[in-house]
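Please read all numbers here as calculations on a predicted model, not as lab measurements. Residue indices begin at 1 and follow the sequence shown.
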Amino acid sequence: MTEDAESPREARDAGAGPDAPLPSNSGRGVVAIAGAKIWFVLTSYATQLALPRLFDSPEVFGRYAATLAGVSMLNNVLIAATIQTVSKHVSEREEAARAVARRAIGVQLALGAALAGSLFALAPALAAFLLDATLAPLLRVAAAVVLFYAVYASFVGLLNGRQRFGLQARLDASFSTFRTVGILGGAAAGLGAFGAVAGWATAAGAIAVLGGVVAFRELRGSPRGAEAPSLRRWLAFLAPIGLYHLCLNGLLLLDVQVLKRTAAELALAAGTAPTEAAAQASELVGFYRAAQTFATVPYQLVLAATLVVSRGVPRAPARADAVAAPAAVRTTFRFALLALLAIAAPVAGAADGVLRIAYPEPYLAGSDALVVLAFAMVAFTLFVIAATVLGGAGQPTRAA
């Protein structure tokens with residue numbers, strides 16, 4: 001997968017409830033957000049294709065991938081739930097935008113600090129669980145990313161709720177650029193996986209600061225004195241969305257951790273020394289990650305269909321059209337299945353050639369995994385579309 005499984009725009013739309021804001025200036029907004037999404041995908045794939053050439057070995061790439069997958073699961077949940085929650089409350093009472101922003105920043109600082117602090121403290125234990133002590137310093141540096149992303153998401157939610165889509169798109173594009181430069185810069189400095197993760201954390205801090213500057217400028221002139229939603233109401237809306245995205249991202253990202261630990265266990269059972277077992281497991285993760293990069297191409301390209309569905313389903317009952325919503329869902333599934341297979345089949349059929357074009361020779365070891373993953377992502381994308389339909393109908397808990 002890419003650095004973060006979702007862009008901020010996807011995080012708001014996927015699983016959005018019926019109260020999610022519908023922009024009146026949707027034309028230019030959709031174009032701007034679509035451009036930011038395309039840039040997000042391009043920079044993400046560019047990073048994944050460049051890193052194996054910057055690292056010394058697949059083992060280093062595997063350590064980076066293992067760290068990234070675990071931390072990205074937390075980041076994606078925070079971004080998704082926060083953007084939807086802030087956007088909803090701002091759009092409902094725009095005169096209370098300043099109060100909502102204060103509430104959002106307070107909640108996100110507390111939540112982000114708790115999660116980041118826990119990750120920092122538990123990093124050695126998590127590394128031990130994955131049978132690789134070298135992951136502990138990487139996880140501790142990545143803990144800063146969790147905190148910065150938590151705060152950044154509240155700023156994006158504010159812009160989204162006020163329908164400032166052009167500004168949001170520019171901020172999202174800056175987010176993608178900063179992250180790419182930070183990760184590749186850290187890796188190019190010769191610092192290995194640690195440098196890449198440190199560059200990621202530095203970029204996350206920079207975008208959080210930039211997001212804060214943009215958000216506070218946006219709030220100039222906003223009315224004062226309005227009350228923010230109660231903490232109980234805030235968490236009641238945020239929790240089911242967070243649960244849904246936790247389950248979704250667990251399905252998407254936990255396979256790397258499973259592979260990392262299982263491969264190390266098998267090596268240890270065969271009599272391999274612990275250090276060598278960890279290195280072998282990281283190498284396999286590096287090969288697997290290379291296969292993931294191409295296996296997720298259909299998911300990235302077809303996922304846009306879920307955004308259409310999540311908007312169309314809740315509005316169909318309002319038009320008293322009980323036929324339109326089911327028909328739209330059936331059409332979307334048919335289109336998605338055909339499009340997914342049209343991409344996945346040639347990728348799986350030419351797995352060796354696909355990896356040979358993009359990666360150094362050792363990474364061809366991941367070609368067998370790519371054959372399986374390409375079709376697995378077809379099923380996963382259809383599942384995401386189904387879950388998005390439920391979320392769009394206001395049932396994120398059921399989707400989870």
Side-chain angles (χ1 to χ4, degrees), residues 1-17 20 40 44 65-89 103-120 122-123 126 139 142-158 160 172 175 179 200-201 204 207-208 211 231 234-258 296 299 303 306-307 310 380 383-384 387-388 390-392 395-400:
M1 198 53 201
T2 52
E3 282 77 12
D4 303 291
E6 297 169 290
S7 71
R9 169 67 173 179
E10 287 173 339
R12 182 181 70 86
D13 284 329
F40 166 80
S44 295
T67 304
L68 180 75
V71 176
S72 289
M73 187 163 61
L74 293 176
N75 291 337
N76 293 339
V77 173
L78 284 171
I79 289 175
T82 303
I83 291 177
Q84 288 180 234
T85 302
V86 177
S87 179
K88 169 187 166 61
H89 290 301
R103 170 71 73 195
I105 294 171
V107 170
Q108 291 308 112
L109 277 174
L111 186 59
L115 290 174
S118 298
L119 179 59
F120 186 90
L122 295 174
L126 293 172
L139 290 169
V145 178
V146 176
L147 175 60
F148 292 140
Y149 274 28
V151 177
Y152 170 74
S154 63
F155 302 141
V156 177
L158 171 68
N160 190 277
D172 286 349
F175 166 90
R179 188 191 61 234
W200 184 27
I207 197 61
L231 183 60
W234 188 280
L235 295 178
F237 185 84
L238 182 142
I241 300 172
L243 175 62
Y244 163 73
H245 284 282
L246 180 63
C247 296
L248 179 69
N249 283 281
L251 283 172
L252 186 63
L253 297 169
L254 280 176
D255 52 351
V256 171
Q257 273 72 37
V258 171
T296 55
Y299 173 79
L303 192 62
T306 67
L307 308 186
S310 68
F380 179 77
F383 167 80
V384 173
T388 301
L390 291 174
Q395 301 181 58
T397 303
R398 189 174 181 184

With heavy-atom distances below 4.5 Å as the criterion, would you say the side chains of Leu248 and Val77 are in contact? no
CD1 on Ile207 to OH on Tyr152, rounded to 0.5 Å: 4.5 Å
Identify the heavy atoms of Trp234 and Val107 that sit nearest to each other, and give their distance. NE1-CG1, 4.0 Å
Minimum heavy-atom separation for Phe40 to Arg179, with atom names? CE1-NH1, 3.7 Å
Do Arg103 and Ser154 get their side chains close enough for a donor-acceptor pair, meaning under 3.5 Å? no
Measuring from Thr82:OG1 to Leu238:CG, what's the distance to the nearest 0.5 Å? 5.5 Å
Go through the steps for Phe383 and Leu251 under the test side-chain contact (heavy atoms from CB on, under 4.5 Å), then give the verdict. CA-CA 11 Å; Phe383 167 80; Leu251 283 172; 3.7 Å; yes
With heavy-atom distances below 4.5 Å as the criterion, would you say the side chains of Phe120 and Leu147 are in contact? no
State the CG-CE distance between Asn249 and Met73, to the nearest 0.5 angstrom. 7.5 Å
Going by heavy atoms in the side chains, are Gln108 and Leu111 under 4.5 Å from each other? yes
Determine the minimum heavy-atom distance between Ala150 and Gly112, stating which atoms define it. CB-CA, 3.8 Å
Is it true that a side-chain atom of Asn160 and a backbone atom of Val156 form a donor plus acceptor pair closer than 3.5 Å? no
Using the ring of each side chain (for Trp, its six-membered ring), is Trp200 parallel, tilted or perpendicular to Tyr149, with breaks at 30° and 60°? perpendicular
Taking all atoms of both residues into account, what is the closest heavy-atom pair of Ala104 and Val86, and its distance? CB-CG2, 3.6 Å
For Val146 and Ala116 the tightest heavy-atom approach is CG1-N, 4.2 Å
With side-chain contact (heavy atoms from CB on, under 4.5 Å) as the criterion, how do Leu119 and Leu126 come out once you've worked through the C-alpha distance, each side chain's angles and the decisive distance to 0.1 Å? CA-CA 9 Å; Leu119 179 59; Leu126 293 172; 3.7 Å; yes
Over all heavy atoms of both residues, which pair between Leu78 and Ala153 is shortest? Give the atoms and the distance, please. O-CB, 4.3 Å
So among Asn76, Leu139, Leu253, Leu115, which one has a side-chain contact (heavy atoms from CB on, under 4.5 Å) with Val71? Leu139
Are the side chains of Phe155 and Ile105 in touch, meaning some heavy atoms are under 4.5 Å apart? yes
Tell me whether Gln257 contacts the main-chain N or O of Ala66 through its side chain, where contact means a donor paired with an acceptor under 3.5 Å. yes
With rounding to the nearest 0.5 Å, note down the distance linking CG in Leu252 to NE2 in His245. 12.0 Å
Angle between ring planes, Tyr299 versus Phe380, binned at 30° and 60°: parallel, tilted or perpendicular? tilted
